[in-house]
Protein chains: 2
Amino acid sequence: MQNISTENYLSEIYKLEQSNVKVKTNVIAKKLEISNAAVTDMLKKLSNNGWILYERYKNIELTKNGKEYASQIVRRHRIWEIFLHQIVGLPWDKVHDEAHRLEHSASDELVDKLEEMLEFPEFDPHGDPIPGKDGSIPKIKDSIPLSKVRVGISGKVVRVNDFDNNFLNYLSQIGLKLGKKITVKEKLSFDNSLLIKINDKQINISNKLASNVFINLN
Amino acid sequence: MQNISTENYLSEIYKLEQSNVKVKTNVIAKKLEISNAAVTDMLKKLSNNGWILYERYKNIELTKNGKEYASQIVRRHRIWEIFLHQIVGLPWDKVHDEAHRLEHSASDELVDKLEEMLEFPEFDPHGDPIPGKDGSIPKIKDSIPLSKVRVGISGKVVRVNDFDNNFLNYLSQIGLKLGKKITVKEKLSFDNSLLIKINDKQINISNKLASNVFINLN
DNA sequence: ATATAAGTTTAAGCATCCTTAAATTTATTA
DNA sequence: TAATAAATTTAAGGATGCTTAAACTTATAT
Ligand SMILES: [Mn+2]
Ligand SMILES: [Mn+2]
Ligand SMILES: [Mn+2]
Ligand SMILES: [Mn+2]
């Protein structure tokens, strides 16, 4: 077990890799809200410790070891999230920040206990997959951003981006949860906003909001 | 919310004050397993920040602010302990270390939630009182160390010291829990060990062990 | 009362993880 | 292709919280 900072870098890099984003100093700095210089500094350390492959000015990649390690941090994070949601009853806009701190503190034994209590969940409260102990990732349902669903088409919410609490809170307010059926009624070319039907109500949502909600068609 | 190190110093000082130990550089260093020099260093910072009263070579005291703050760290610790014990099902020799890390990570809101789930417990799994939000301490039952209970006398276990996991684990093994009735059958002057009756069995325990188990007579 | 022991502080230094500013490299655009 | 912009790294430095060694203060024992 390394320190908190190392764990935060590694899990951030892991998540970027998973979402097929090219991992650059830049991107990490923004995610972690620190300077580029600090990131460069740390990348050297991570590289020296064998967690990442790093050459000056080039993209960053996790090594096998790094990926294994990072997947377990993400695993801990997501198990905490669902524990906090299902057992403790925190709303889905509160669990991420809490889990982000707890993920570095709990022992593996405790996380295993939590997982057992939850009966081995495969997805976190935002629909993100929980990596297994071996790093394997549960099969995700196909999905596209709600912003790309065509008018007249319906689908189910299978995932939402979990990095903005205000966004998540608003989703709750309009009754948008995982599993909910949504129909796109209209797209306004004026501002690219969408008129959607959810819970038998029609609601207008911005394109930006819609692009962070993921829908499984059929 | 300060950093982890500050919180560890403060809660250690608080616990020492509660047990009427004179708080000295020395004692803190031992508890935190760091050098005296490091403690002196930190005492200056804690003093500058108004958490403690400190003069070179003198005993240390928490200020009003310091005591308030420290009590809340101890509160978090003990709520975590009992949550881990009762809800998650960790044995009492595992909860301290885990709680010691979690106590710095959870938000006040989460701790409140946990407390609510537990129906506002007053004591942790080792019988230590859980300070209230206002710093108030639940009334503790009178107790004396088992090592000082006289031959022929019975009493109930109301508290055990929680700083040695091996000790706690052994207590579990011999069926010693909070609330158990214990009778002192004999004291061996040879090594000051005790012959006790518990769960209708007779068992010999060392004086050192007995001095860490606290008994309410009558 | 004095010597010795114990406890505490000071001094110097190290690792970690940040910062800003300047220099360098790579990417983009005219 | 050359100029400009963007991204990245290097350099210098700061805060934190440790370390060991040496100096100093207080407590204890003869
Ligand atoms: Mn999250
Ligand atoms: Mn999540
Ligand atoms: Mn404890
Ligand atoms: Mn305890």
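Lettering of chains follows the sequences in order, A, B, ..., and the numbering in each one begins at 1.
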Of the candidates C:dC17, C:dT19, D:dG17, the side chain of A:A37 sits closest to C:dT19
The reported gap from CD in B:E61 to CD1 in B:I13 (rounded to nearest 0.5 angstrom) is 11.0 Å
Can you see whether A:F214 has A:K141 sitting over its ring - NZ or CZ less than 6.0 Å from the centre and within 45° of the normal? no
In whole angstroms, the gap separating C1' of C:dT26 from CG of A:N59 amounts to 12 Å
Quick check against the 3.5 Å criterion: does B:D124 have a side-chain atom that pairs as donor or acceptor with the backbone of B:H126? yes
### Message
Check this one for me: any side-chain N or O of B:N36 less than 4.0 Å away from OP1 or OP2 of C:dT9?
### Response
no
So, is B:S35 close to the D:dC18 phosphate, meaning a side-chain N or O under 4.0 Å from OP1 or OP2?
no
ask   = D:dA7 phosphate, OP1 or OP2: any side-chain N/O from A:N26 under 4.0 angstrom?
value = yes
When rounded to whole Å, the OH to P distance for the pair B:Y9 and D:dC18 reads 4 Å
Does A:Y54 make a side-chain N or O approach to OP1 or OP2 of D:dT9 shorter than 4.0 Å?
-> yes
*asked:* OP1 or OP2 of C:dT10 versus the side-chain N and O atoms of B:K44: is any pair under 4.0 Å?
replied: yes
Among the nucleotides C:dT19, D:dT25, D:dG17, whichever has the atom closest to the side chain of B:K45 is D:dG17
